[in-house]
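Report on the structure given below.
Computed from a prediction, not measured in an experiment: that's the story for all the values here. In what follows, chains carry the letters A, B, and so on, assigned in the order in which the sequence lines appear, proteins first and then strands, with residues in each chain numbered from 1. Keep in mind that the numbers below use all heavy atoms, side chains included, and drop hydrogens, waters and symmetry copies.
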Number of protein chains: 2
Amino acid sequence: MIDAQTLQFAKAIADDTRQQIMTHLCCVWLSVSEIVEKLDGRVNQPTVSHHLKKLEEVDLVQVRQEGRSRLYTLNQERVTVCCGRLLVQFAPDYVSNVVPLSQIAPVK
Amino acid sequence: MIDAQTLQFAKAIADDTRQQIMTHLCCVWLSVSEIVEKLDGRVNQPTVSHHLKKLEEVDLVQVRQEGRSRLYTLNQERVTVCCGRLLVQFAPDYVSNVVPLSQIAPVK
DNA sequence: CCATTATATCGATACGCATCAATATGTCAA
DNA sequence: TTGACATATTGATGCGTATCGATATAATGG
């Protein structure tokens with residue numbers, strides 16, 4: 001009855017550390033150790049790997065191997081899709097006021 | 001560093017029972033006992049009250065007293081605002097493609 | 001006031017999961 | 001291969017919280 005995707009997305013972003021990681025991975029590719037550095041001693045490497053696995057399971061991050069490092073980045077398209085689902089489910093009276101730009105002006 | 005509002009919203013919707021309640025409260029006003037009936041034996045009244053309190057704390061539901069009953073409904077506007085914040089934070093490359101309709105055609 | 005109905009609160013329990021130290025796996029250079 | 005570095009996995013621990021039964025609080029009718 002409940003959309004499993006929406007619940008998974010909500011659970012994935014419902015953690016402080018995970019949101020911090022997502023913030024750092026927004027628009028850039030970072031290795032695990034670089035993420036650990038960005039979090040500046042708040043958590044250590046196994047914890048970061050644990051969270052990255054969770055985020056990867058719900059396709060919220062993309063991964064790429066580069067040398068010995070695995071580079072991660074935030075999957076913004078997935079975020080957009082999941083937020084869209086949230087709006088359809090829980091804000092149907094408002095979702096009609098927010099439309100994709102592509103519906104206004106056709107893409108060339 | 002992390003937007004506390006966004007984290008609270010995520011935690012509030014990161015529960016199966018709470019999403020079911022939100023679904024039932026979408027566009028309608030229901031009393032606590034009516035919500036319990038809708039959930040059809042899955043949980044009982046104290047649990048529903050517990051979740052409604054959580055949802056009320058983050059302003060995701062509106063409440064109205066009517067006789068002996070307290071009527072609840074989903075605050076769709078809050079959902080919209082929180083989703084907007086999610087998009088700004090975690091999908092900045094896509095948020096420009098989703099614009100409020102009011103920015104396209106001025107409201108008469 | 002009392003009885004009834006509706007909802008909230010309390011205390012206890014159990015489960016999920018974030019976190020860590022230790023270790024395993026994987027990758028590359030020499 | 002070996003050694004060094006990077007990341008993943010494992011097992012254990014502790015905390016947050018969902019859930020329930022029991023009870024308290026609130027509101028209405030008689």
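- Between B:H50 and the phosphate of D:dC20, there is no side-chain N or O to OP1/OP2 separation shorter than 4.0 Å.
- To the nearest angstrom, P of C:dT19 lies 12 Å from CG of A:L52.
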So which protein N/O to nucleotides 2-4 of chain D N/O distances come out below 3.5 Å?
none

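- Of the candidate nucleotides C:dA21, C:dT9, C:dA6, C:dT9 has the atom nearest to the side chain of B:P46.
- For C:dA8, one of the phosphate oxygens OP1 or OP2 lies less than 4.0 angstrom from a side-chain nitrogen or oxygen of B:Y72.
- Between the A:R78 side chain and the A:V58 main chain, a donor and an acceptor come within less than 3.5 Å of each other.
- In this entry the distance linking NE2 of A:H51 with P of C:dC20 reads 8 Å, nearest Å.
- Here the options are A:R64, A:R68, A:R70, the test is salt bridge (charged side-chain N to carboxylate O under 4.0 Å, His left out), and the partner is A:E66; only A:R64 passes.
- Nearest nucleotide to the side chain of B:S49, out of D:dA6, C:dT27, C:dT9: C:dT9.
- The separation between A:R70 atom CZ and D:dT9 atom C1' is 13 Å, rounded to whole Å.
- Here the side chains of B:S33 and B:S69 are not in contact, with every heavy-atom distance at 4.5 Å or above.
- Phosphate proximity of D:dA18 to B:R18: present, with a side-chain N or O under 4.0 Å from OP1 or OP2.
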> Which is it for A:E56 and A:L52 under the side chain to side chain contact (heavy atoms under 4.5 Å, CB included) test, yes or no, and what are the steps along the way?
Replying inline: CA-CA 6 Å; A:E56 190 179 357; A:L52 289 172; 5.9 Å; no

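- Following rounding to the nearest Å, B:E56 (CD) and C:dA8 (P) show an atom-to-atom distance of 8 Å.
- Closest approach of B:V79 to A:L86, counting heavy atoms only: CG1-O, 4.3 Å.
- B:Y72 pairs with exactly one of B:V28, B:V32, B:L30, B:V48 by the side-chain contact (heavy atoms from CB on, under 4.5 Å) rule, that one being B:V32.
- Residue A:T17 has a polar side-chain atom (N or O) positioned under 4.0 Å from OP1 or OP2 of C:dT19.
- C:dC17 atom P lies 11 Å from atom CG of B:D15, rounded to whole Å.
- At the phosphate of D:dA18, neither OP1 nor OP2 sits under 4.0 Å from any side-chain N or O atom of B:T47.
- A:S31 places no side-chain N or O within donor-acceptor distance of the main-chain N or O of A:L71, the cut-off being under 3.5 Å.
- Residues B:Q19 and B:I13 come closest through the heavy atom pair NE2-O, 2.8 Å.
- Annotation: side chain of A:C27 is in contact with side chain of A:Q76 (closest heavy-atom distance under 4.5 Å).
- Put simply, B:L87 and B:L60 are part of two different groups of oily side chains (I, L, V, M, F, W, Y) that touch within less than 4.5 Å, one to the next.
- Out of D:dA8, D:dA18, C:dC17, the shortest distance to the side chain of A:K54 is found at C:dC17.
- Among the heavy atoms of the strands lying under 4.0 Å from B:Q45 is at least one base atom, whether or not backbone atoms are also near.
- As a whole-Å value, the separation of B:D16 CG from C:dC17 P is 12 Å.
- We find that CD of B:Q65 is positioned 13 Å from P of C:dA6, with the value rounded to whole Å.
- Taking the side chain of B:S69 as heavy atoms from C-beta on, and the options D:dT7, C:dA6, C:dA18, the nearest nucleotide is C:dA6.
- Against DNA chain C, the stretch residues 24-44 of chain B makes heavy-atom approaches under 4.0 Å through B:S31, B:V32, B:S33.
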